[in-house]
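Indexing begins at 1, ligand by ligand and atom by atom, following the structure's order.
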Amino acid sequence: MTEQTFTFQAEVSKLLDIVVHSLYSDRQIFLRELISNASDACDRLRYVAITQPELLADDSDFKIVLSFDKAAGTLTVTDNGIGMNRDDLVENLGTIARSGTSAFLGQLGADKKADLNVIGQFGVGFYSAFMVAEKVEAISRKAGETIGWRWVSDGKGAFTIDEAPDAARGCRIILHLREDAKEFQEPFRLRHIVKTYSDHIALPVVLVEDGKEEKVNEASALWTRPRSEITEEQYKEFYHHAAHAFDEPWLTLHYKAEGAIEYTALLFIPTEKPFDLFHQERKTQAKLYVRRVFITDDCEGLLPPYLRFVRGVVDSQDLPLNVSREMLQHNPVLGKIKSGLVRRVFSELKTRSADADAYARFWNVFGAVLKEGLYEDHERRQEILELCRFRTTSGPDLISLDQYVERMKEGQDQIYYITGDDPAALARSPHLEGFFAKGIEVLLLTDPIDEFWVTSVRDYKEKHLASAARGNVDLGKIKAPEDKPEEEAKAAPEADITALVEALKKSLGADVKDVRPSALLTESPVCLVADDTDMSSHLERILRQHRQIDQPTPRVLEINPRHGLIKRLAAMDKDGDAFTDAALLLLDQARIVDGEPLPDAIAFARRLSAAMEKGLTG
Ligand code: ADP
Ligand code: MG
């Protein structure tokens, strides 16, 4: 076949443009990326060779070789891994294969300087080669195939592919170094970069100089080494490689489980939110190894989905090497490893939670994911609740449920919460007026997931969780604090309120489920509450956004008998249009405060204008 030219996917061109035209201070990381890819490729071949040993042919010693040719101005990275065929080359080195990089591209703006910071966060993988090379060749033959291929590009919009008949199995990346990047032919420089970034790679990385081979990394799997011999830097570099992440790990957890089930775990929790954290598949990402052979990074049974932010490696002694990915699903050994991992991650989180600031950093990024466990993992619900932190009406700090319980008022026997989108708006909700009056703390639950667990988690340490936005709250037993004496504003006479309630029901009809006097409102004339058995209005809005339901549920309108407006209404003639208009205005006002869109905004505006006109001509 003759040479064929392809154009890069538009996103790749955009990315390359930034990579090539910017002075990236850390450009030496291209080598880390190429070595990381080579190591992944060897891992993958080692795995398929368990069932197809013939793929290894006579070349079963995996290694990564660095060589340079000063006369030709090249640096070459060679591996004997799984390799790529023609289609693989087009797909992997012509498009953005990694969703992380696509996410990165989504954040690109006009400011190239800013973009570089973002590159640091996401990494650009293979394309980072163009930071140092004006031309890149990838010569590859896929394991088990007879024909090899050569991919060539100058990174300016297009690449070519033609046959490379004598290509060896694996992949050889030849970098034609830019004039200003010749330093990457110096052995001391290469040695230093490998030591810094790739020492944890489990395969030998070999540097060829004057025909002599020299192993330049430690070449043993990092997680098999004793903790005391591993530096923070090495852990971090390993995390970057294993998790394809570029931030600092927030948590590093390295331990060996011994006993009935033996495994080694080297796990990390990132500091930054991974781009795919809220993808629908909710995939967990830890890599499974069996006796140091990579098996899969897509193992459902290793961690529960609500711990999908945990990255790293688990290496089992007990699973069979030829375990297929399908067989893993219901493997009892894996089930035990999973319990062990969850237990360790929880206990580590608990320890770290003693430092409130550090823990808040974790919680703000991953709390919403961990809370999925509250409705998914009944067995561990109490443990997860202990790890949860909440914003409350009492101040900006996150608190635990234990802290909440400790601060409960005399006579209070329930844990109160309110759900919504925005903590600041929630804290000013009329539903909380009665709670403020008595100084009762309320949890502000603003993650969408909160709506789903609050209804299934009924108690925490024998304290019932109760919504502050339901009509049935009784704060009567709880004493108001001394500094906030209960000033009983005079309410309208009870008979008048009863008549007003009836008249409002008649005017509002099916738009409300009920009308009731409220014991809790202090400032607002009215508010809407969900009836005992109805879903909360916030949950309903979430479901409506996802088109799960289309009709709003009518709510209960609560009125404040102590409010001037309600007293005026109670005293007025309830048969005329003026009363009906006032009733409808009150309901719309309650809807607005509740965050509910008005069913007829034009009618609302007309009524409001009329009422204002009347009020202003005094
Ligand atoms: P990532 O490694 O995160 O997937 P890269 O941009 O580094 O992203 O690489 C893109 C893809 O190209 C890899 O996923 C892999 O499929 C393929 N690839 C890169 N280098 C090699 C290699 N040395 N051998 C085989 N495949 C490779
Ligand atoms: Mg890579």
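- In this structure, Arg46 pairs ionically with Asp43, as a charged nitrogen and a carboxylate oxygen lie closer than 4.0 Å.
- With salt bridges taken as basic N to acidic carboxylate O contacts below 4.0 Å, none links Arg178 and Glu134.
- Near Met84, with a cut-off below 4.0 Å to any heavy atom, the atoms of ligand 1 are 17 (C), 18 (N), 21 (C), 25 (C), 26 (N), 27 (C).
- Between the Mg ion (ligand 2) and Ser36 there is no N/O/S contact shorter than 2.8 Å.
- A side chain to side chain donor-acceptor pair (under 3.5 Å) with Asp276 is found for exactly one of Arg282, Gln285, Arg308, Lys283, namely Gln285.
- At a 4.0 Å heavy-atom cut-off, ligand 1 does not touch Ile173 at all.
- The pair Arg141-Glu163 does not meet the salt-bridge criterion, since no charged nitrogen lies less than 4.0 angstrom from a carboxylate oxygen.
- Those atoms of ligand 1 that come under 4.0 Å of a heavy atom in Cys171, given as number and element, are 22 (C), 23 (N), 24 (N).
- Considering backbone and side-chain N/O atoms, Asn92 comes within less than 3.5 Å of an N/O atom of ligand 1.
- Under 4.0 Å is where a charged nitrogen must lie from a carboxylate oxygen, and between Arg191 and Glu209 at least one such pair does.
- Classified by interplanar angle (parallel below 30°, tilted 30° to 60°, perpendicular above 60°), the ring pair Tyr375/Phe452 is tilted.
- Taking every heavy atom of Arg44 and a limit of under 4.0 angstrom, the matching atoms of ligand 1 come to 15 (C), 16 (O).
- Considering backbone and side-chain N/O atoms, Asp40 never comes within less than 3.5 Å of an N/O atom of ligand 1.
- Contact atoms of ligand 1 toward Phe126: 5 (P), 6 (O), 7 (O) (distance under 4.0 Å to a heavy atom of the residue).
- Distances between N or O atoms of Tyr127 and those of ligand 1 include no value under 3.5 Å.
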